[in-house]
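One structure below.
Small disclaimer: the values here were computed from a predicted structure and weren't measured. The residues of the chain are indexed from 1 along the displayed sequence. These numbers come from the heavy atoms of this one structure, side chains and all, not from hydrogens, waters or symmetry mates.
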Amino acid sequence: QLQLVESGGGLVQPGGSLRLSCAASGFTLGYSAVGWFRQAPGKEREGVSCISSNGASKNYADSVKGRFTISRDNAKNTVHLQMNNLKPEDTAVYYCAAGGRAGFCHPEGYGHWGQGTQVTVSS
């Protein structure tokens with residue numbers, strides 16, 4: 001009965017910040033790399049950031065480097081994505097997923113997915 005649940009999305013103005021959280025149940029998230037992915041209307045799902053099981057390896061899409069930070073708290077069975085200086089092009093449904101590798105931050109590499117949380121960046 002493994003589940004991943006995203007939270008923290010919402011509506012923010014350009015330049016604002018959001019902190020997304022991914023909470024796991026039914027399995028130990030600390031045993032798995034975790035990725036954040038996003039999908040905008042009419043576009044394919046893309047990797048945003050991925051982190052290894054122990055947090056030692058992190059990967060970011062070029063479009064979010066310097067603005068987003070991925071982190072994890074294995075004791076709390078959670079992974080977070082701090083998003084700063086948000087831009088309208090960041091608008092998408094954001095998903096967390098487990099079961100892949102931090103070094104391959106692509107949707108097809110991950111097998112366990114949350115339901116997504118909407119992030120809208122608009123003035």
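Using a 4.5 Å heavy-atom cutoff, the side chains of Q118 and T91 are in contact. Between V5 and Q115 the shortest side-chain heavy-atom distance falls below 4.5 Å. A heavy-atom distance below 4.5 Å is not found between the side chains of T69 and L81. S17 has its side chain within reach of Q82: a pair of non-hydrogen atoms, C-beta onward, lies under 4.5 Å apart. Side-chain contact check for S21 versus V79: every heavy-atom pair is 4.5 Å or farther apart. Contact of the L20 side chain with the H80 side chain is not registered, since no non-hydrogen atoms from C-beta on lie closer than 4.5 Å. In this structure, S25 and L2 have side chains that are not in contact, with every pair of non-hydrogen atoms separated by 4.5 Å or more. Inter-residue side-chain proximity for P88 and P14 is flagged as met; some heavy-atom pair is nearer than 4.5 Å.
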Item to check | Full working for side chain to side chain contact (heavy atoms under 4.5 Å, CB included) between Q39 and Y94 | outcome: CA-CA 7 Å; Q39 188 165 20; Y94 283 70; over 6 Å; no
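Linking Ile, Leu, Val, Met, Phe, Trp and Tyr residues whenever their side-chain heavy atoms come within less than 4.5 Å places I51 and F27 in a single cluster. Cluster annotation: W36 and V12 are assigned to the same hydrophobic cluster (Ile/Leu/Val/Met/Phe/Trp/Tyr, side-chain heavy-atom contacts under 4.5 Å, transitive).
Remark: E89 CD is packed, more than 12 non-hydrogen atoms of other residues, nucleotides or ligands lying under 6.0 Å away. Within 6.0 Å of the CZ atom in F104, the count of heavy atoms belonging to other residues, nucleotides or ligands exceeds 12.
For N77, the side-chain hydrogen bond (donor to acceptor under 3.5 Å, both in side chains) criterion is met by no residue, not counting sequence neighbours. Under the rule for a side-chain hydrogen bond (donor to acceptor under 3.5 Å, both in side chains), S57 has no partner lying at least two apart in sequence or in another chain.
To the nearest 0.5 Å, the span separating CZ on R19 from OG on S7 amounts to 9.5 Å.
Proximity of a side-chain donor or acceptor of T78 to a complementary backbone N or O of C22 within less than 3.5 Å is not detected. Using modelled atom types, no side-chain atom of Y60 and backbone atom of R67 make a donor-acceptor pair closer than 3.5 Å. A donor-acceptor distance shorter than 3.5 angstrom exists from the side chain of R72 to the backbone of L29, with no hydrogens or angles considered. Under the 3.5 Å distance criterion, the side-chain polar atoms of N74 are matched with a main-chain donor or acceptor of S53. Listed for the E6 side chain is no donor-acceptor partner under 3.5 Å among the backbone atoms of T117. Remark: side-chain polar atoms of R45 are not paired, donor with acceptor, to backbone N or O of H106 under 3.5 angstrom.
Ring centroid separation for the pair F37 and W113 comes in under the 6.0 Å cut-off.
A pairwise comparison of heavy atoms in Y110 and C50 identifies OH-SG, 3.4 Å as the closest pair. Closest approach of V34 to C96, counting heavy atoms only: CG1-CB, 4.5 Å. Taking each heavy atom of A102 and N59 in turn, the nearest pair found is O-ND2, 2.6 Å. Residues A33 and G100 come closest through the heavy atom pair CB-O, 3.3 Å.
Cation-pi geometry between R38 and Y95 is not satisfied (NZ or CZ under 6.0 Å from the ring centre, within 45° of the ring normal).
D62 has a carboxylate O that lies under 4.0 Å from a charged side-chain N of K65, or vice versa, which qualifies the two as a salt bridge.
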